[in-house]
2 protein chains.
Amino acid sequence: MKKIITISREFGSGGRSIGKAVAERLHYHYYDKELIEKIAEKSGLSKEYIEEKTESSKPESSFKYAFLGPNLFHYSEDYLWKQQKEVILELAETGNCVIMGRCADFLLKDREDCLHIYIYADLSFKIERIVNLYGETDEKPEKRLRDKDKKRAMNYKYYTERTWGMAKNYTISLNSGEIGIDKCVDIICDLVENM
Amino acid sequence: MKKIITISREFGSGGRSIGKAVAERLHYHYYDKELIEKIAEKSGLSKEYIEEKTESSKPESSFKYAFLGPNLFHYSEDYLWKQQKEVILELAETGNCVIMGRCADFLLKDREDCLHIYIYADLSFKIERIVNLYGETDEKPEKRLRDKDKKRAMNYKYYTERTWGMAKNYTISLNSGEIGIDKCVDIICDLVENM
């Protein structure tokens with residue numbers, strides 16, 4: 001029985017819905033926003049800053065510091081990465097959890113009790129999904145998808161030196177648009193229980 | 001019900017065993033060596049030449065010709081690619097088949113009745129497997145694996161302009177070493193029957 005499930009996903013692929021459903025069915029803890037809170041608590045950095053930097057921002061330079069308030073010193077993105085890493089390694093110790101994004105697949109790659117999942121989909125599926133979920137914006141959905149995933153890929157590359165979306169980084173990769181959200185949940189839960 | 005299953009795989013990952021087992025269970029036709037025979041028949045090229053060029057050879061140049069016998073004119077690798085493409089498109093029309101390698105995932109990417117699979121595994125699993133299956137050679141197994149997959153990746157890149165091993169090229173990607181050969185077969189057959 002696998003104790004930890006990491007889910008990396010393309011924006012709009014339904015990865016978050018899959019992660020939540022898997023956690024619910026297996027009675028595992030679901031870490032997404034809560035992860036941000038834990039990193040904030042540990043690091044003293046603001047949730048907004050962490051949210052921006054841990055997933056979707058281009059790390060412009062490891063020497064770029066952010067000044068975050070009168071009681072805080074200068075922090076580099078490398079400091080944040082270190083805190084994020086420690087929080088994820090600690091969570092892994094407690095087990096029975098689903099961890100969304102934040103390079104958890106890389107940070108936990110040497111643990112044998114992990115199942116690493118990658119969820120992606122075709123453009124048309126993702127466009128329909130983000131417009132339904134988040135509504136229309138002035139920016140075209142194609143551009144929103146491209147920008148978000150480009151940043152995720154750059155962030156991943158910067159910290160892990162791996163290419164985002166390569167099958168070999170994961171135990172299993174699923175095209176949620178073709179396979180369907182519910183079927184993806186079934187496959188993942190079955191693997192957790194029977195691998 | 002998906003009518004065509006394409007399987008791309010790393011050398012030593014057990015992809016061939018998975019393909020054969022899937023074909024057997026679903027009563028689908030299994031095309032691997034037979035594909036070579038069909039391309040040979042259609043093109044007039046030798047089986048050895050095709051085997052060498054369709055999977056594991058670096059296409060040095062599209063202008064490099066091979067002189068193959070007194071009754072044959074000069075053939076370029078692009079001629080072989082064209083023949084291979086036609087054979088695979090014709091086979092797809094007949095349906096209910098498993099096609100191993102040979103860029104079939106790319107050639108059939110626009111057909112909705114296809115399930116595209118990528119099978120890979122960790123180095124230790126692949127080493128053990130090739131030594132068991134093919135025996136020891138003077139060349140270290142790490143090198144045999146690296147050379148074979150490097151050639152497959154270059155061949156794939158040359159003809160498809162895609163990166164080999166990117167999850168998005170497939171419906172599902174499976175780490176056969178972690179998941180197990182039998183479980184991979186179960187997952188694929190279930191998808192074929194229920195997608």
Side-chain angles (χ1 to χ4, degrees), chain A residues 2 5-13 15 105 108-126 145-146 149 153 156 162-195, chain B residues 2 5-13 15 105 108-126 145-146 149 153 156 162-195:
Chain A
K2 296 287 182 183
I5 304 162
T6 72
I7 300 189
S8 309
R9 77 291 184 204
E10 283 186 346
F11 181 51
S13 67
D105 61 295
L108 304 175
K109 67 183 160 47
D110 299 322
R111 285 187 73 113
E112 292 199 350
D113 54 358
C114 288
L115 189 67
H116 301 297
I117 317 276
Y118 180 63
I119 307 287
Y120 56 99
D122 298 332
L123 194 62
S124 56
F125 176 86
K126 294 186 290 182
L145 288 165
R146 199 173 50 238
D149 282 339
Y156 189 77
R162 287 172 161 191
T163 300
W164 200 53
M166 285 297 280
K168 69 179 173 189
N169 298 341
Y170 310 96
T171 317
I172 187 169
S173 299
L174 301 155
N175 183 323
S176 55
E178 282 188 55
I179 294 171
I181 302 280
D182 293 345
K183 191 77 191 164
C184 288
V185 175
D186 290 346
I187 292 171
I188 296 166
C189 289
D190 176 52
L191 280 180
V192 172
E193 286 167 339
N194 298 307
M195 253 174 82
Chain B
K2 297 286 181 183
I5 304 163
T6 71
I7 301 189
S8 309
R9 77 289 184 206
E10 282 186 347
F11 180 52
S13 68
D105 60 296
L108 304 175
K109 66 183 160 47
D110 298 323
R111 285 187 73 112
E112 292 198 350
D113 54 357
C114 287
L115 189 68
H116 302 298
I117 317 276
Y118 180 63
I119 307 288
Y120 56 99
D122 298 332
L123 193 64
S124 56
F125 176 87
K126 294 186 290 183
L145 288 166
R146 200 174 48 239
D149 281 339
Y156 189 77
R162 286 172 162 192
T163 300
W164 200 53
M166 284 297 281
K168 68 179 174 190
N169 298 340
Y170 310 96
T171 318
I172 187 168
S173 298
L174 300 155
N175 182 323
S176 56
E178 281 187 54
I179 294 171
I181 301 282
D182 294 343
K183 190 79 192 160
C184 289
V185 175
D186 291 345
I187 292 171
I188 296 167
C189 290
D190 176 52
L191 280 181
V192 172
E193 287 167 340
N194 297 305
M195 253 175 83

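Lettering of chains follows the sequences in order, A, B, ..., and the numbering in each one begins at 1.
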Measuring heavy-atom distances to chain A, does B:Asn194 have an atom under 4.5 Å in its side chain, in its backbone, in both, or in neither?
side chain

What part of A:Met166 is in contact with chain B, defined as an atom under 4.5 angstrom from a non-hydrogen atom: side chain, backbone, both or neither?
both

Pick whichever of B:Asn175, B:Asn169, B:Ile179 has the most heavy-atom pairs under 4.5 Å with chain A.
B:Ile179

Can you check side chain to side chain contact (heavy atoms under 4.5 Å, CB included) on B:Lys126 and B:Phe11, steps first, answer last?
CA-CA 7 Å; B:Lys126 294 186 290 183; B:Phe11 180 52; over 6 Å; no

Below 4.5 Å from any heavy atom of chain A, which atoms of B:Ile187 appear? Answer side chain, backbone, both or neither.
side chain

Counting heavy-atom pairs under 4.5 Å with chain B, which one of A:Gly165, A:Gly180, A:Ser173, A:Gly177 comes out on top?
A:Ser173

Is there a side chain to side chain contact (heavy atoms under 4.5 Å, CB included) between A:Trp164 and A:Asp105 once you walk through the steps?
CA-CA 11 Å; A:Trp164 200 53; A:Asp105 61 295; over 6 Å; no

Could you look at A:Lys168 and say if it's the side chain, the backbone, both or neither that has a heavy atom under 4.5 Å from chain B?
both

Main-chain N/O of B:His116 paired with B:Thr171 side-chain donor or acceptor, under 3.5 Å
yes

Determine the option with the most heavy-atom pairs under 4.5 angstrom with chain A, choosing from B:Leu191, B:Leu115, B:Ile172.
B:Ile172

Okay, side chain of A:Tyr120, backbone of B:Ala167: is any donor-acceptor separation there less than 3.5 Å?
yes

Before you tell me yes or no, could you show the steps for A:Met195 and B:Lys183 under side chain to side chain contact (heavy atoms under 4.5 Å, CB included), namely the whole-Å CA-CA distance, both residues' side-chain angles and the distance that decides it to 0.1 Å?
CA-CA 8 Å; A:Met195 253 174 82; B:Lys183 190 79 192 160; 5.5 Å; no

